[in-house]
Student: 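This is the structure I have questions about; it appears just below.
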Amino acid sequence: MRVLVSGGAGFIGSHTVVQLVAAGHDVVVVDSFANSKRSVVARIEALTGRPVELHAFDLTDRDKTERLFGEEALDAVIHFAGYKAVGESVERPVDYYENNLGTTFSLLRAMSRHGVSTMVFSSSATVYGADPPVPMQEDLPTSATNPYGWTKVMQEQIFRDAAVADPSLRIALLRYFNPVGAHPSGTMGEDPSGIPNNLMPFIAQVAVGRRERLGVFGNDYPTVDGTGVRDYIHVEDLAAGHIAALHRLTQTDEPVSVWNLGTGQGTSVLELLHAFERACGHELPYEVLPRRAGDIAESYADPSRAHAELGWRAVKTIDDMCRDTWRWQSQNPEGYPE
Ligand code: NAD
Ligand code: WQD
């Protein structure tokens, strides 16, 4: 297939591009580099041994998106492009709605005009809202607790409505749990700008000496050790889930399919910290801080639908995730070069 990967220079997109090429697909990347560096492109090319067809523009620009679809004979779209920081979305809600919904509008319009009917969309477990029962199943009601989460709920609804109007559409809504890890080569990984919001990149920066200690947000949750429990999934497993979903969409009659991509296993903050200590070979300092607003005690997937329908399941362990993150962070202490 000839696949347009929106946000293909980002953390999950870059790993997925490498696997798409390895699986024999032609890939066209669109990225504005709003939250990624251009040097990732050379890293992708080194791993695939092929040049990346890159279009650097903002996908909220409908005319440019339309022009690209006119030039390329595309079969499918994998849509990663969007802003993803929860706290920032509370401070800049209009930017989040404009960017995350705007990219989706441009793509859906261009797909409709050019007869492209296959779309794999990056949704999130955040659509399960404030206090969902665990393990989370796909048919739970959706809601959100912050503007970022609402953009995902709204995009899912936009896709459902579009598929009612055009039943030829085949759309996968992939609800990721907590993506972490890095390419096993150590050449690609997560490179947040500024202070990391998420746990794994924060721990990795403590391990490499960029931050003094981890702040643990609360140790009085009703969990195994009082710290928050999450379903961490290796980015390589996640990327493989996209390829499985893409193939499944060519065989299904369902216009919209929803699949959780998680391991089904919960890991606490302290368990992840100790696993990382094993990977990097030294102790990592931490202090317990108050709970972070909006956090829930436990989040983990019921991944059985993806296994039954996609033949996919996550295979990498927490130790694999920490080992690969450490390889990436220790080889690239400051992330990607400019
Ligand atoms: P990322 O920020 O690394 O990648 C997103 C990419 O999209 C970046 O390269 C950015 O430059 C690009 N982009 C943003 N707006 C754009 C626009 N208007 N036009 C063109 N390019 C644009 O994020 P990621 O972690 O790789 O996440 C990818 C997707 O998965 C996002 O939609 C995110 O919301 C979703 N998701 C991520 C997580 C997570 O924890 N990483 C969890 C659930 C869902
Ligand atoms: C994990 C655990 C924290 C940082 C977020 C988004 C979600 C999704 C994935 C996109 C929690 C604790 C964290 C730190 C800590 N993104 N923690 N110290 O909150 O599960 O999910 O990213 O869709 O929408 O909300 O992930 O990595 O931020 O936190 O103690 O410095 O680590 O309290 O228990 P979260 P996270």
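Remember, predicted model here, so these are calculated numbers, not experimental data. For ligands, and for the atoms within them, numbers begin at 1 and follow the listed sequence.
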Student: In terms of residue, atom name and distance, what is the protein heavy atom nearest to atom 19 (N) of ligand 1?
Tutor: Leu59 N, 2.9 Å
Student: What do you reckon, does Ser299 put a non-hydrogen atom under 4.0 Å from ligand 2?
Tutor: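 Outside the 4.0 Å threshold, so no.
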Student: Would the Phe80 and His15 ring centres measure less than 6.0 Å apart?
Tutor: no
Student: Report the member of Tyr176, Tyr148, Phe202 with the shortest heavy-atom distance to atom 23 (O) of ligand 2.
Tutor: Tyr148
Student: Around atom 34 (O) of ligand 1, find the nearest protein heavy atom and jot down its residue, atom name and distance.
Tutor: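 Here the nearest protein heavy atom works out to Tyr148 OH, 2.7 Å.
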Student: Would you say the rings of His183 and His234 are close, in the sense that their centroids are separated by under 6.0 Å?
Tutor: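 Judged by ring-centre distance (under 6.0 Å), His234 and His183 do not meet the cut-off.
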Student: Could you name the option among Phe80, Phe33, Phe11 that has the heavy atom nearest to atom 28 (C) of ligand 1?
Tutor: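 The option holding the nearest heavy atom is Phe80.
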Student: Give me the nearest non-hydrogen protein atom to atom 15 (N) of ligand 1 as residue plus atom name, then the distance to 0.1 Å.
Tutor: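 Scanning the protein heavy atoms, the shortest distance from atom 15 (N) of ligand 1 goes to Asn99 ND2, 3.1 Å.
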Student: For atom 4 (O) of ligand 1, what is the nearest protein heavy atom, given as residue, atom name and distance?
Tutor: Gly10 CA, 3.4 Å
Student: In terms of the angle between their ring planes, are His79 and Phe159 parallel, tilted or perpendicular, with boundaries placed at 30° and 60°?
Tutor: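 Perpendicular, since the angle between the ring planes exceeds 60°.
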Student: Between Met200, Gln205, Arg292, flag the one that comes closest to atom 29 (O) of ligand 2 by a heavy atom.
Tutor: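 Selected option, by shortest heavy-atom distance: Arg292.
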Student: Could you pull out, from Val206, Asn198, Val229, Asn146, the option with a heavy atom nearest to atom 36 (P) of ligand 2?
Tutor: Asn198
Student: Classify the contact between Ala125 and ligand 1 as side chain, backbone, both or neither, using a heavy-atom distance cut-off of under 4.0 Å.
Tutor: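 Near ligand 1, Ala125 shows nothing, with every heavy atom at 4.0 Å or more.
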Student: For atom 42 (C) of ligand 1, tell me which residue out of Pro201, Gly82, Pro179 has the closest non-hydrogen atom.
Tutor: Pro179
Student: Any heavy atom of Tyr232 sitting closer than 4.0 Å to ligand 2?
Tutor: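 Yes.
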Student: Distance under 4.0 Å to a non-hydrogen atom of Ser123: what atoms of ligand 1 satisfy this?
Tutor: 43 (C), 44 (C)
Student: For Tyr221, does the six-membered ring have the charged nitrogen or CZ of Arg291 within the cation-pi criterion, i.e. under 6.0 angstrom from the centroid and within 45° of the normal?
Tutor: yes
Student: If the contact criterion is a heavy-atom separation under 4.0 Å, does Arg175 count as touching ligand 1?
Tutor: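 Outside the 4.0 Å threshold, so no.
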Student: What do you reckon, does Ser14 put a non-hydrogen atom under 4.0 Å from ligand 1?
Tutor: no
Student: If hydrogens are left out, which of Gly228, Ser124, Ala125 has an atom nearest to atom 8 (C) of ligand 2, that is, the closest non-hydrogen atom?
Tutor: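 Going through Gly228, Ser124, Ala125 one by one, Ser124 has the nearest heavy atom to atom 8 (C) of ligand 2.
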